[in-house]
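First listed ligand is number 1; within each ligand, the first listed atom is number 1. Throughout, residue positions are numbered sequentially from 1 according to the sequence presented.
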Amino acid sequence: MACLMESSVPLQSYKEAAEWILAHTDQRPRIAVICGSGLGTLAETLENKTVIPYEDIPHFPSSTVPGHAGRLVFGLLNGKQCVCMQGRFHIYEGYSMSTVAFPVRVFSLLGVDTLIVTNAAGGINSNYSVGDIMFIKDHINMPGFCGQNPLRGPNEDGFGVRFPCMSDAYDQHLRHLAMDCTQELGLQDIVQEGIYCMLGGPSYETIAECNMLKLLGVDAVGMSTVPEVITGRHCRMHILGISLITNMAILSYNSTAHANHQEVLQTSQLRAAALIALLTNLVGKM
Ligand SMILES: O=P(O)(O)O[C@@H]1C[C@H](O)[C@@H](CO)O1
Ligand SMILES: Nc1nc2[nH]cnc2c(=O)[nH]1
């Protein structure tokens, strides 16, 4: 009988990508950073860089979104070896959740055990302001309500268990360490801690959808992060999630504001220096 199961990414593809990378750099980082929309400048600050375009790596997807350069950058951040993804993948580009999270399993094969995931997000919580930095304490996988999950398909036991727990997805110790860094850097007035909700995109939310998310207790909404976090936790990585509030979600029919990607990139640029300082300080303490 023909197999009716959807195919997920074959194990061999992760292995071939990892082997290729290991053959092209001597760097062996334990920390990976996924840079959100417009936040890739962090990678420019690494020392002793090895830059690998995604298209050179076997089986790696390509970045198609403005503000996502499409390169892996290996190097030293505050003396610690790191690998930065300058550009991530999204399901709205046409990728499956497992393809979006492909790099995370490759990182795991490289020896990465700590994943810092950043994103640009719309603020739902009315106490937030544009430019706030939100540490993610939990997420809602909205596409997951319709069966979209990066772990869908046969389980790869070599990476993790069939039914991984997600109640501890975001590492409390890392979050507290990051909070301490914001105090040291004088950023405490722009720091929040909250719940991130992933929607599929690429359209931004309607006013009714924003109000629904507010009722659900969501603090910030975006189109990413959740696939990488679920996949990272599946292979027991420690995870820190950071959302930059690049725009406020529109909750009132009286508003004349319109969500747009230019505003997202502008706010990212405005806060790039603060985020770089935060991550540099944090990585130094890890
Ligand atoms: O990759 P992230 O989540 O940072 O980017 C967000 C979601 C969309 O790609 C884009 C919308 O402006 O920003
Ligand atoms: N879904 C969504 N993603 C974003 N990314 C940056 N801002 C937003 C937003 O308002 N909504």
Part of Ser37 with heavy atoms under 4.0 Å of ligand 2, whether side chain, backbone, both or neither: neither

Donor-acceptor pair, side chain of Gln27 and main chain of Asn48, under 3.5 angstrom: yes

Leu199 to ligand 2, any heavy atom closer than 4.0 Å: no

Residue selection (non-hydrogen contact nearest atom 8 (C) of ligand 2) among Gly122, Ala220, Gly123, Ala120: Gly122

Residues Asp56 and His24: side-chain donor-acceptor under 3.5 angstrom: no

Nearest non-hydrogen protein atom, atom 4 (C) of ligand 2: Val221 O, 3.8 Å

Atoms of ligand 1 close to Gly36 [distance to a heavy atom under 4.0 angstrom, numbered from 1]: 4 (O)

Minimum-distance protein heavy atom relative to atom 7 (C) of ligand 1: Met223 CB, 3.7 Å

Polar contact flag, side-chain donor to acceptor under 3.5 angstrom, Glu93-Thr64: yes

Element-labelled atoms of ligand 1 that are located less than 4.0 Å from some non-hydrogen atom of His261: 10 (C), 11 (C), 12 (O)

Atoms in ligand 1 with a heavy atom of Ser224 nearer than 4.0 Å: 1 (O), 2 (P), 3 (O)

Ligand-residue contact atoms, ligand 1 with His90, heavy atoms, under 4.0 Å: 1 (O), 2 (P), 5 (O), 9 (O)

Atom 9 (O) of ligand 1: the protein heavy-atom neighbour that sits closest, reported with distance to 0.1 Å: Tyr92 OH, 2.6 Å

Numbered atoms of ligand 1 (with element) below 4.0 Å of Asn119, judged on heavy atoms: 3 (O), 4 (O)

Nearest-neighbour protein heavy atom for atom 13 (O) of ligand 1, which is reported as residue plus atom name and distance: Ser37 OG, 3.2 Å

Donor + acceptor pair across side chains of Ser224, Asn119 (<3.5 Å): no

Residue Asp26 excluded, over 12 heavy atoms near CG under 6.0 Å: no

Atoms in ligand 1 flagged as close to Tyr204, the criterion being non-hydrogen separation under 4.0 Å: 11 (C), 12 (O)

